[in-house]
Amino acid sequence: MRQIIIIGSGPAGYTAAIYAARANLKPLLIASSVEAGGELMNTTEVENFPGFPDGIMGPDLMFKMQAQAEKFGTEVVLDDVVSVDLTGEVKTVTLGSGAVHEALSVIFATGSAYRKLGLEDEERLSGHGVSWCATCDGFFFRERTIAVVGGGDSAMEEANFLTRFADKVYVIHRRDSLRASKIMQERAFANEKIEFVWNSEVVGIGGSEQVQHVKLRNLETGAESELELQGLFIAIGNDPRVHLVHGQLDLTAEGTIAVDGRTSKTNLPGVFAAGDVIDPTYRQAVTAAASGTVAALDAEHFLASLPQNLLEKAVEPASSDLSLSTTV
């Protein structure tokens with residue numbers, strides 16, 4: 001049995017792991033088998049994370065965070081959590097491999113998932129012109145005409161990045177103005193390859209084996225039209241990954257895990273949450289990292305309050321022979 005298990009490997013999860021490991025809690029971090037590193041693995045240059053005045057690529061930042069967490073003794077497992085039991089004194093985490101891990105405390109840093117349009121052909125054409133990740137798939141759209149759906153920072157970043165490959169990038173947005181930050185808007189407006197389609201929504205995706213066009217509806221007039229293109233990138237937001245905790249943890253009206261005030265404490269003792277899974281508003285790498293710090297400190301204080309005979313059951317992993325500082 002562990003003292004602490006961290007579920008999630010984005011900025012919140014790895015920061016929590018760094019703090020927990022430095023507190024000598026020997027954390028086990030469960031990263032996804034296919035999405036380890038979180039959303040920043042799909043991000044190009046990160047310009048607003050403190051300490052990198054020249055910017056840093058998203059994957060590079062996550063590799064550095066993982067290396068730092070492992071340096072202090074975090075054990076990282078690349079597997080998927082399929083179920084959890086959080087109700088007892090000892091928490092149980094079951095992985096896709098069949099392995100079952102127990103811990104006295106758990107931190108959820110599961111982040112969020114790409115939001116979909118909900119169209120009939122969206123899944124059918126996924127990987128055949130429909131994508132949620134410009135950095136993953138942009139290379140395949142050289143000299144093509146493509147579109148990005150959305151009006152926030154992510155959509156503008158995707159659109160600008162995709163102009164490195166595509167001849168033409170449409171940005172399709174439901175309103176007549178963008179939600180993106182001023183600097184991201186300015187970059188998109190200044191890019192000659194980007195053309196905006198305002199007050200419109202995608203109501204259909206056409207193509208037998210590959211995307212060939214999208215059907216648009218003008219939200220002011222109701223008129224429908226077709227736009228010929230070879231790729232559709234969807235950047236309309238994210239939904240918190242809370243499927244593991246339904247029926248166990250309280251959720252907010254926005255669907256995020258509910259925590260007590262500025263803490264990371266959920267409605268169950270010994271269960272904490274951090275990062276985008278509790279944050280429907282700011283959703284930045286730096287705020288997620290700060291949230292991971294809070295969760296690790298809350299978990300450390302919780303563990304310190306437990307009876308000694310219970311703590312003694314949380315044995316140190318056999319593979320660990322590190323003597324770590326408890327300074328935070």
Side-chain angles (χ1 to χ4, degrees), residues 1-31 69 72-77 79-95 99-111 240-252 255-279 288-317 320 324 326 328:
M1 182 171 67
R2 305 277 182 151
Q3 291 191 73
I4 186 167
I5 291 175
I6 300 166
I7 303 174
S9 56
Y14 278 133
T15 303
I18 291 167
Y19 272 76
R22 282 179 54 81
N24 211 24
L25 299 179
K26 306 296 189 297
L28 173 67
L29 186 145
I30 310 297
F72 292 115
T74 300
E75 181 182 349
V76 177
V77 174
D79 203 343
D80 298 301
V81 177
V82 295
S83 66
V84 294
D85 185 350
L86 308 171
T87 55
E89 196 172 56
V90 176
K91 323 301 180 186
T92 301
V93 177
T94 303
L95 306 185
V100 178
H101 295 278
E102 295 181 333
L104 295 174
S105 64
V106 173
I107 294 176
F108 278 91
T110 46
R241 290 190 174 99
V242 295
H243 61 283
L244 291 170
V245 302
H246 281 294
Q248 298 187 67
L249 297 185
D250 292 341
L251 303 179
T252 67
T256 56
I257 295 176
V259 294
D260 182 13
R262 295 185 64 187
T263 78
S264 65
K265 300 174 184 177
T266 70
N267 58 294
L268 293 180
V271 183
F272 309 89
D276 286 2
V277 78
I278 69 168
D279 178 13
S291 180
T293 301
V294 171
L297 295 176
D298 284 344
E300 182 184 0
H301 295 155
F302 168 79
L303 290 166
S305 72
L306 296 179
Q308 187 62 33
N309 63 332
L310 183 57
L311 287 172
E312 289 174 354
K313 295 179 181 179
V315 297
E316 181 178 331
S320 177
L324 303 178
T326 58
V328 295

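Every heavy atom of this structure was used, including side-chain atoms; hydrogens, water molecules and symmetry mates were not. Predicted, not measured: the structure shown is a model, and the values here were computed from it.
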Visitor: For Ala16 and Ile107, which heavy atoms make the closest approach, and how far apart are they?
Guide: CB-CD1, 4.0 Å
Visitor: Which heavy-atom pair separates Pro27 from Thr74 by the least distance, and what is that distance?
Guide: CG-OG1, 3.5 Å
Visitor: Is a salt bridge present between Glu75 and Lys26, judged by a nitrogen-to-oxygen distance below 4.0 Å?
Guide: no
Visitor: Does Leu244 have any side chain to side chain contact (heavy atoms under 4.5 Å, CB included) partners at least two apart in sequence or in another chain, and if so, which?
Guide: Val81, Val84, Phe108
Visitor: Do Asp80 and Leu95 touch side chain to side chain, with heavy atoms closer than 4.5 Å?
Guide: no
Visitor: If I compare all heavy atoms of Ala299 with all of Ile4, which pair ends up nearest, and what's the gap?
Guide: CB-CD1, 3.7 Å
Visitor: Are Leu29 and Val77 side-chain neighbours, meaning at least one heavy-atom pair lies under 4.5 Å?
Guide: no
Visitor: Show every side-chain hydrogen bond (donor to acceptor under 3.5 Å, both in side chains) that has at least one partner inside residues 262-271, sequence neighbours left out.
Guide: Ser264-Asp298
Visitor: Who passes side chain to side chain donor-acceptor pair (under 3.5 Å) against Ser291, sequence neighbours left out?
Guide: none
Visitor: Side-chain contact test, heavy atoms from C-beta onward, threshold under 4.5 Å: evaluate it for Leu28 versus Ile6 and give yes or no.
Guide: no
Visitor: Looking only at heavy atoms, which two atoms of Gln3 and Leu303 are closest? And how far apart?
Guide: O-CD2, 3.6 Å
Visitor: What donor-acceptor contacts under 3.5 angstrom involve side-chain atoms of residues 8-15, with partners at least two apart or in another chain?
Guide:
from	atom 1	to	atom 2	distance (Å)
Ser9	OG	Gly37	N	2.8
Tyr14	OH	Gln66	OE1	3.2
Thr15	OG1	Pro11	O	2.6

Visitor: The criterion is side chain to side chain contact (heavy atoms under 4.5 Å, CB included); which residues satisfy it with Thr94, sequence neighbours excluded?
Guide: Val82, Ser83, Thr92, Val100
Visitor: Taking C-beta and beyond as the side chain, do Thr87 and Gln248 meet within less than 4.5 Å on heavy atoms?
Guide: yes
Visitor: Taking side chain to side chain contact (heavy atoms under 4.5 Å, CB included) as the test, write out the residues that go with Glu89, two or more places apart.
Guide: Leu310
Visitor: Tell me, do Val245 and Leu86 make a side-chain contact under 4.5 Å, heavy atoms counted?
Guide: yes
